[in-house]
Amino acid sequence: MDIILTEESPFRFRIERRGAMRVPGTVFATRDLLPEAAGDQALEQVANVATLPGVVRASFAMPDVHWGYGFPIGGVAATDVDDAGVVSPGGVGFDISCGVRLLAAGIDRGELEPRLRELMDTLGDTVPRGTGPGGLWRLSGRPQMEELLARGARYAVEQGHGVPRDLTFCEDYGALEDADPSQVGERAVERGIRQVGSLGSGNHFLEVQAVDRIHDEKAAAAFGLRPGGVCVMIHCGSRGLGHQVCTDHVRVMDRSLRRFGIRLPDRQLACAPVVSPEGRAYLGAMAAAANYGRANRQLLTEAVRRAFTSAAGVEVDLVYDVSHNMAKTETHEVDGVPRRLCVHRKGATRALPPGHPDLPDQLSGAGQPVLIPGTMGTASYVLVGEGGNDAFHSTCHGAGRVWSRHQALRRVRGEELRGRLEAGGVAVRPSSWRGLAEETPEAYKDVDAVAAATEGAGLAHLVARLVPLGVVKG
């Protein structure tokens, strides 16, 4: 369909209801950040999502929005669980519970400088990455895998991979309670059993950073961030296990559409009522895969701690861990009435305001840290959630692609990119030249503009700007 955008404010655009749309579309962006690339159908996907049964308020798109599978990446939509609302795996994505974890090290940038090469060599040598198997924790078999799928980072910490404090600063305290490992197929288990504690490939990374600028001193202090302080940002998810879970359940839901009488403008939006056997089975499997993703980041945290102890003799604490590919049952007020909703966030993250009951006591006064990674050679941001966010307390998850990986490979050579980054003071440890070239900074939107639009739209406000010192690329 032809998409007509109405500018409601400099940071908010509206797609009016038409055709089968049940609600309007809302796009948080500036004109410069709107998708423009040929073939990027992200705004059409925003409209398509608005046709889902049970969808309420609007189909939302964040400032980093770009084309994805079914839902746009940077898409948010909530369906009413008690009024025929559906769950759609396309609204979560294949990398279930892909997310970002931020760590703060007890050292400043200047002190780390003479030890940076040793630190990056240690991380490059010890952090498994790439498309195949290879993780820091080899599980013994399905019984142990089911323990991990049921209890996520909590199980990892119980087994000695972390400290109890880590769980306090994880979304959901490190695990979703409604995981159902029995809904995770054997092929998914086979793919995941040797990958716990690994980055994967694509845009996943482990980056050593320094705090470049503080925008909100009170929130930064609550998060343990200070000017010049060293941080580590980890971006990864549920690896092959999550991908297989999505593949398996999309197939089931696609076959059930006719039985439920659901018509869709795009079969990639395959869905089922939340309360149906198919919906419950997917949500149980998705929660199990999400717990795998949290345990995965927990193992990588321990690898970072060992590297910092070896290279710099300092400790590393968790600031926060939050996912950006999830569907969660939450209660929100819609038209003045509290309603139980299935909130899909695909390439979008929660941004809880101060005082929200889901926050730990230590963060209640400040609000939830929001982690927005940039790309190699550019900045990343820490923001904080605030009240008045009508997108179900959601915000963006990164810079957002503007080039496909094929376009990046045609324009950039990995060897040349590494030289350019190293010359700019960023130590790079890639797993392949091809993978490095695919993630060239030019392939993404300007993260400074994305962060500014996020604040301008009232989704979250700026706390700190981080700059890279070294990156380990998947």
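Residues take their numbers from the sequence shown, with the count starting at 1.
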Just verifying a value: how many Å separate [X] [atom1] and [Y] [atom2], rounded to the nearest 0.5 Å?
X	Y	atom1	atom2	answer
Leu462	Ile372	CG	CD1	8.0 Å
Leu136	Gln298	CG	CD	12.0 Å
Phe223	Gln368	CZ	CD	8.5 Å
Met286	Ser238	CE	OG	10.5 Å
Arg109	Asp212	CZ	CG	7.5 Å
Arg129	Leu123	CZ	CG	9.5 Å

Is any NZ, NE, NH1 or NH2 atom of the basic residue among [X] and [Y] found under 4.0 Å from an Asp or Glu carboxylate oxygen of the other?
X	Y	value
Arg57	Asp335	no
Glu7	Arg31	yes
Asp95	Arg239	no
Lys445	Asp32	no
Arg429	Asp125	no
Glu330	Arg345	yes
Arg305	Asp166	yes
Lys328	Glu171	yes

Within 45° cone of Tyr444 ring axis and under 6.0 Å: Arg401 NZ or CZ: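 Yes.
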Intermediate values then yes/no, side chain to side chain donor-acceptor pair (under 3.5 Å), Arg101 and Thr301: CA-CA 9 Å; Arg101 174 172 285 218; Thr301 296; 2.9 Å; yes
Check this for me: [X], atom [atom1], are more than 12 non-hydrogen atoms of other residues, nucleotides or ligands nearer than 6.0 Å?
X	atom1	value
Arg226	CZ	yes
Arg117	CZ	no
Glu111	CD	yes

Residue pairs, two or more places apart or on separate chains, that pass ring pair (Phe, Tyr, Trp, His ring centres under 6.0 Å) and touch residues 342-370: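 As it turns out, the ring pair (Phe, Tyr, Trp, His ring centres under 6.0 Å) pairs with a partner in residues 342-370, which skip direct neighbours, are Phe71-His344, His356-His393.
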Side chain to side chain donor-acceptor pair (under 3.5 Å) between Arg294 and Ser97, intermediate numbers included: CA-CA 7 Å; Arg294 281 101 186 267; Ser97 194; 3.1 Å; yes
Phe28 and Phe60 aromatic ring geometry - parallel, tilted or perpendicular at 30°/60° bounds: parallel
Mutual orientation of the aromatic rings belonging to Trp137 and Tyr155 [parallel < 30°, tilted 30-60°, perpendicular > 60°]: parallel
Partner of Val208 under side-chain contact (heavy atoms from CB on, under 4.5 Å), chosen from Val471, Leu103, Leu112: Leu112
Side-chain donor-acceptor contact under 3.5 Å, Thr329 with Arg340: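 The answer is no; no qualifying pair exists.
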Thr454 side chain vs Val450 backbone, donor-acceptor pair below 3.5 Å: yes
For [X] and [Y], work out which heavy atoms get closest and say how close.
X	Y	value
Gly374	Ser380	N-OG, 2.9 Å
Val55	Ala50	CG1-O, 3.5 Å
Gly25	Val46	CA-CG1, 4.1 Å
Gly385	Pro354	O-CD, 3.5 Å
Gly174	Cys170	N-CB, 3.4 Å

Results of side-chain contact (heavy atoms from CB on, under 4.5 Å) for Glu177 - residues two or more places apart only: Arg154
